[in-house]
Amino acid sequence: MSIKLSSSVPTDREVVLGILNNSEEALNKLYTGYYPMVLQFILNNNGDEDDAKDVYQEAIIVLYNKIKSGDFELSSKLKTYLYSVSRRVWLKKLAQQSKKISNIADFEDVLIVEEDIEQHEQKDLQFDKMKISLESLGEPCKTIIEDFYIHNLSMQDICEKFGYTNSDNAKTQKYKCLQRLKKLFFQV
Amino acid sequence: MSNEIQLEAIIEDYLNGKLKPEEVQAFEQLRNNDPIVDHKVVAHKVFLDSMKQYANVLLLKQQMDASHQKIDVEAISSKVKPHSSIIVRMFRNNKAAIAVAASFLFLAMVMLYSIKNQTEQDGSFKALNREVSQIKRSQNTLIRNINTNAQNTSVAPAKFGGSGFAISSNGYILTNYHVIKGADSLYVQNSKGVSFKVKAAYTDPVNDIAILKISDVSFENLGSLPYSIKRNTAGIGESVYTLGYPKDDVVLGDGYVSSKTGINGDSLAYQVAIPVNPGNSGGPLLDNNGNIVGVINGKEMKVDGAAFAVKSKYIMEALNAIPNDSLSKRIAYGKRSPLQGLKRNKQVEKIQDFVFMVKVYN
């Protein structure tokens, strides 16, 4: 029995398993595999390369979250799914820029993905909130929080990195920062 | 303050599942009894989830940017971007539809072609009509390349040759215009092999007729012409013959009138089923009674046995353009030919002295 691994476009199963196991290689293959398809769609519908990159990355995030949340079923091809999400995202963006497009040049079949996109938009909102909150937090709080929650450094590491005399001081500092951040986050 | 810090640490450990079972139990007890603590747990859970999601997406974006770096965006976009030409764009967007349409069109053409091939000659004749200019070009004018060493006055071999016949006893020769077109100098050679210098006295490119006048001093009067020009048009099926110079000696060709019109329905000419070759151009076409019915001027290249001859009527028109007094004993028109009633070999014997090879130098 031989399993044929396509170098350019991975199989859908490979991608799903890869993402569930946090494989960077699988993500890379997915990303490079379907980028031309989305680029073609955007370029043919009033967009440029940068628009294509933004839209495509958003579509991958939607797919990623869907796979990670565990309720993803391989009912359609990933290709079709990514295309449909990218298409929907781009048409929304065009509408926001009040650019109208009379006839959409399509290159693939299209699925209805409204629900997924609505979910994604809510998550995106949270993402933006966190981003804004962190940015308005200021230093050294921002770095301490990022080190602890994003880069998974221990309090001991943070204590050494920032030169606190003892870890209680570091903990107090982190607590203060966290309180401010939570305040900012829940206020925005 | 330190209590607050401790509580926060416990909540976080609780949410991350780092507490021991008995500690969990104790904490949940506290949480149930104290709504403030419960609220803090819920809020912190929301915050931690958001933070986790934020971290994940951030990492994902980094990985995607790394992947994006490896892609040659320009190369791909030049391939997939909308073409400046709307036709190419339409082609790209509708490849499948175009393929279907093209194959349908192809099938339809094949069918039309086969239907056309099945229809009668009438149908194919019409098709020929549409390609007038092409067919005209393919009409092979019967000029012959000759390499003979010309006798008497000529030094270099003639480049082209045709045929011609006398229309008066004092040296007027009728031939095709296309034979002498673009000639520098012209000679005629009789059946005995004697050449005479000639000049073009009259040309009619429309009817493809030219009249030459022998200007050579050595030329002697031919005597009265044995043939006359037929007044009426020849009917289909009328047997005819021609004398000409497809080679260095006179050659007889025998056949019949196959159509009253020439190539492409040309009413100036007959179609004649007669074997002709390059060099026959300008030769007389005679009926069995020795009347000239036309002048051979070409054949159709792709069709066997289809030669063309200018009708005698237009020979008369050309003749009338020459001043009457310069033609002595001119060719008779509509009169009974002296050849009438003679057998073919006797007729040829009498005629061949009046049929000339036309040699063209240019």
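Every chain is numbered from 1 and lettered A, B, ... according to where its sequence line falls, protein lines coming before strand lines.
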Practice problem: For chain B, find its close neighbours in residues 152-162 of chain A: heavy-atom separation under 4.5 Å, sorted by number, or none. | Solution: none

Self-check item: NZ/NE/NH1/NH2 to OD/OE distance under 4.0 Å, B:Glu12 and A:Lys174
Solution: yes

Quiz item: Do the charged groups of A:Lys182 and B:Glu8 touch, with an N to O distance under 4.0 Å?
Solution: yes

Contact origin within [X] toward chain B - heavy atom pairs under 4.5 Å:
X: A:Gln57; result: both
X: A:Asp168; result: neither
X: A:Phe127; result: both
X: A:Ile42; result: neither

Determine whether more than 12 heavy atoms belonging to other residues, nucleotides or ligands lie under 6.0 Å from atom [atom1] of [X].
X: B:Leu112; atom1: CG; result: yes
X: A:Lys93; atom1: NZ; result: yes
X: B:Gln25; atom1: CD; result: no
X: B:His39; atom1: NE2; result: no
X: B:Gln29; atom1: CD; result: no
X: A:Lys131; atom1: NZ; result: no
X: A:Glu115; atom1: CD; result: no
X: A:Gln122; atom1: CD; result: no

Atom [atom1] of [X] and atom [atom2] of [Y]: how far apart are they, to the nearest 0.5 Å?
X: A:Glu24; Y: B:Met64; atom1: CD; atom2: CE; result: 12.0 Å
X: B:Ile5; Y: A:Lys176; atom1: CD1; atom2: NZ; result: 8.0 Å
X: A:Leu63; Y: B:Leu60; atom1: CG; atom2: CG; result: 9.5 Å

Side-chain heavy-atom pair [X], [Y] within 4.5 angstrom cut-off:
X: A:Gln126; Y: B:Asp49; result: no
X: A:Tyr35; Y: B:His68; result: yes
X: B:Asp65; Y: A:Lys53; result: yes
X: B:Lys61; Y: A:Ile61; result: yes
X: A:Leu178; Y: B:His44; result: yes

Quiz prompt | Contact winner vs chain B - A:Ile150, A:Ile145, A:Leu134, heavy-atom pairs under 4.5 Å | solution = A:Ile150

Self-check item: Max heavy-atom pair count under 4.5 Å with chain B, selected residue of A:Ile60, A:Leu39, A:Asp48
Solution: A:Leu39

Side chain, backbone, both or neither of [X] within contact of chain A (heavy atoms, under 4.5 Å):
X: B:Ile71; result: side chain
X: B:Leu59; result: neither
X: B:Ala43; result: both
X: B:Lys70; result: side chain

Self-check item: Shortest non-hydrogen contact from B:Met51 toward A:Met130
Solution: N-CE, 3.5 Å

Quiz item: Which residues pass the side-chain hydrogen bond (donor to acceptor under 3.5 Å, both in side chains) test with B:Ser67, sequence neighbours left out?
Solution: A:Asn28

Exercise. Go through A:Tyr149 and B:Tyr54 one step at a time and tell me if the side chain to side chain contact (heavy atoms under 4.5 Å, CB included) criterion holds.
Key: CA-CA 10 Å; A:Tyr149 287 104; B:Tyr54 178 77; over 6 Å; no

